[in-house]
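What follows is a short report on a single structure.
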There are 2 protein chains.
Amino acid sequence: MYICPMYSSELLKGTLKTIVLNLLKDNGRMYGYEITQRVKDLTAEKIQITEGALYPTLHALESQGELQTEEVFIGKRVRKYYTLTEKGQSTAKEKVNELVDFMNTMKFLLDLEPRTGNG
Amino acid sequence: MYICPMYSSELLKGTLKTIVLNLLKDNGRMYGYEITQRVKDLTAEKIQITEGALYPTLHALESQGELQTEEVFIGKRVRKYYTLTEKGQSTAKEKVNELVDFMNTMKFLLDLEPRTGNG
DNA sequence: TTTGCATACATAACATTCTTATGTATATTT
DNA sequence: AAATATACATAAGAATGTTATGTATGCAAA
């Protein structure tokens with residue numbers, strides 16, 4: 001049985017906040033576990049966000065005023081929903097733009113395609 | 001005067017080895033300082049490889065058998081040229097493929113373009 | 001000629017950002 | 001009843017950078 005390989009994990013570094021902010025921008029509100037599953041599904045398990053990385057990141061984004069939370073009881077269990085603040089919405093856009101620009105620069109640097117309008 | 005901003009440095013993490021291996025694949029042989037300048041020039045200073053990151057990386061790649069060195073005297077100064085070993089050549093290709101695949105997955109995940117043939 | 005900047009290597013202390021491991025608890029499926 | 005999935009959280013450790021520092025040569029400008 002073939003196991004689709006994950007990326008060597010260093011590549012993910014630095015992109016986690018961008019992924020989280022962008023998912024929340026597209027989906028309105030999500031809770032932590034849901035984010036891990038959504039990313040796994042969307043990437044055919046190539047990118048798996050670990051809980052040890054995600055929860056501290058969510059807490060950091062909240063304390064920086066990018067996210068706000070809402071606790072909802074599902075039976076006896078608390079589920080913590082996150083939504084973007086206004087600040088978070090503009091940060092999301094900036095982060096995505098920066099990442100796209102970075103990827104274009106990388107493709108040019110790796111001699112994979114001509115430079116597009118990002119010099 | 002406008003200063004073209006660098007990327008927030010986390011993004012570079014994990015891509016340094018790929019950059020180095022690919023530059024050597026394209027250019028035959030290069031020395032450390034030359035690599036920092038080439039990257040700076042090619043990216044309009046958006047990506048600046050620090051020496052504190054580069055030299056340890058070069059040493060690691062050499063000790064892993066990806067690179068071999070050749071010392072050349074320029075006047076009284078030693079310059080250390082690096083070239084890819086055979087292992088390094090195949091690693092270079094793998095690393096670039098992985099990075100390209102990762103970037104495509106990221107663009108899909110960020111809902112920027114339809115998935116291409118990498119699922 | 002000496003002052004500063006560029007070239008060219010190197011390493012160590014520190015910061016950031018993950019992974020791995022562990023803990024707690026409820027809900028659902030077998 | 002046991003295993004798996006859901007759902008949160010934190011701590012120790014690893015990996016990979018930045019910043020600071022050190023050494024030394026070469027060259028250009030004041």
Side-chain angles (χ1 to χ4, degrees), chain A residues 5-21 29-41 45-64 66-67 69-82 95 99 102 106, chain B residues 5-21 29-41 45-64 66-67 69-82 95 99 102 106:
Chain A
M6 280 185 56
Y7 300 114
S8 59
S9 59
E10 326 95 67
L11 287 180
L12 192 64
K13 289 207 179 186
T15 63
L16 182 52
K17 283 183 185 171
T18 307
I19 291 172
V20 168
L21 290 170
R29 66 173 210 176
M30 300 180 83
Y31 54 98
Y33 187 76
E34 186 183 13
I35 291 174
T36 66
Q37 299 307 304
R38 184 70 58 87
V39 170
K40 201 168 96 174
D41 290 348
E45 305 196 11
K46 282 180 172 182
I47 296 178
Q48 297 199 29
I49 295 179
T50 62
E51 294 178 298
L54 180 64
Y55 289 115
T57 294
L58 288 172
H59 302 162
L61 288 172
E62 187 186 5
S63 79
Q64 289 159 25
E66 313 279 3
L67 305 181
T69 59
E70 183 189 350
E71 299 199 344
V72 175
F73 273 88
I74 306 294
K76 287 181 185 173
R77 199 156 50 187
V78 178
R79 185 183 284 171
K80 218 164 151 185
Y81 278 98
Y82 290 85
K95 284 272 192 185
L99 181 52
F102 176 77
M106 278 300 302
Chain B
M6 280 184 57
Y7 300 116
S8 60
S9 58
E10 320 93 65
L11 287 180
L12 192 64
K13 288 206 179 186
T15 63
L16 182 53
K17 283 183 184 170
T18 307
I19 291 172
V20 168
L21 291 169
R29 67 173 208 175
M30 300 180 84
Y31 54 98
Y33 186 77
E34 186 184 12
I35 292 175
T36 65
Q37 299 306 305
R38 185 70 57 89
V39 170
K40 201 168 96 174
D41 289 349
E45 305 197 11
K46 283 180 173 182
I47 297 178
Q48 296 200 29
I49 295 178
T50 62
E51 295 178 297
L54 180 63
Y55 290 116
T57 294
L58 288 171
H59 302 164
L61 288 172
E62 186 185 5
S63 79
Q64 289 159 24
E66 313 279 4
L67 304 182
T69 60
E70 182 189 349
E71 299 200 344
V72 175
F73 273 87
I74 305 294
K76 288 180 182 173
R77 200 156 49 186
V78 179
R79 186 184 282 172
K80 218 164 152 186
Y81 278 98
Y82 289 87
K95 284 272 192 185
L99 182 52
F102 175 77
M106 277 300 302

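All values reported here derive from a predicted model rather than from experimental measurement. In what follows, every chain begins at residue 1, and chains take the letters A, B, ... in the order their sequences are listed.
Annotation: side chain of B/Val78 is in contact with side chain of B/Phe73 (closest heavy-atom distance under 4.5 Å). Inter-residue side-chain proximity for B/Met106 and A/Leu11 is flagged as unmet; no heavy-atom pair is nearer than 4.5 Å. You'll find the side chain of B/Ile19 reaches within 4.5 Å of the side chain of B/Leu12, heavy atoms only. In this structure the side chain of B/Gln64 reaches within 4.5 angstrom of the side chain of B/Lys17, judged on heavy atoms. The closest side-chain heavy-atom distance from A/Glu51 to A/Tyr33 is below 4.5 Å. Side-chain contact between A/Leu58 and A/Thr69 is absent, with no heavy atoms from C-beta onward closer than 4.5 Å.
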Protein-to-nucleotide contact annotation, 5' to 3' order, nucleotides 6-13 of chain C [B base; S sugar-phosphate only; - none; under 4.0 Å, heavy atom]: SBSBBB--
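Residue order along DNA chain C, read from the 5' end via each residue's closest nucleotide, puts A/Leu54 first among A/Gly75 and A/Leu54.
Atom NZ in A/Lys40 sits roughly 10 Å away from atom C1' in D/dA5 (whole-Å rounding). Rounded to whole angstrom, the span from the CD atom of B/Glu10 across to the P atom of C/dT17 amounts to 5 Å. Remark: P of C/dT16 and CD of A/Gln64 are 11 Å apart, rounded to the nearest angstrom. Straight-line distance from the CD atom of A/Gln48 to the P atom of C/dT20: 11 Å, rounded to whole Å. What separates CG of B/Leu12 from P of C/dC18 is a distance of 14 Å, to the nearest Å. Taking atom CD1 of B/Ile49 as the reference point, atom C1' of D/dT18 lies 14 Å away to the nearest angstrom. Rounded to a whole Å, the CG atom of A/Leu11 is 14 Å from the C1' atom of C/dT17. Between A/Lys95 atom NZ and C/dT17 atom C1' the separation is 12 Å, expressed in whole Å.
Judged by distance alone, with hydrogens and angles left aside, B/Lys13 brings a side-chain donor or acceptor within reach of the base of C/dT16, the pair sitting under 3.5 Å.
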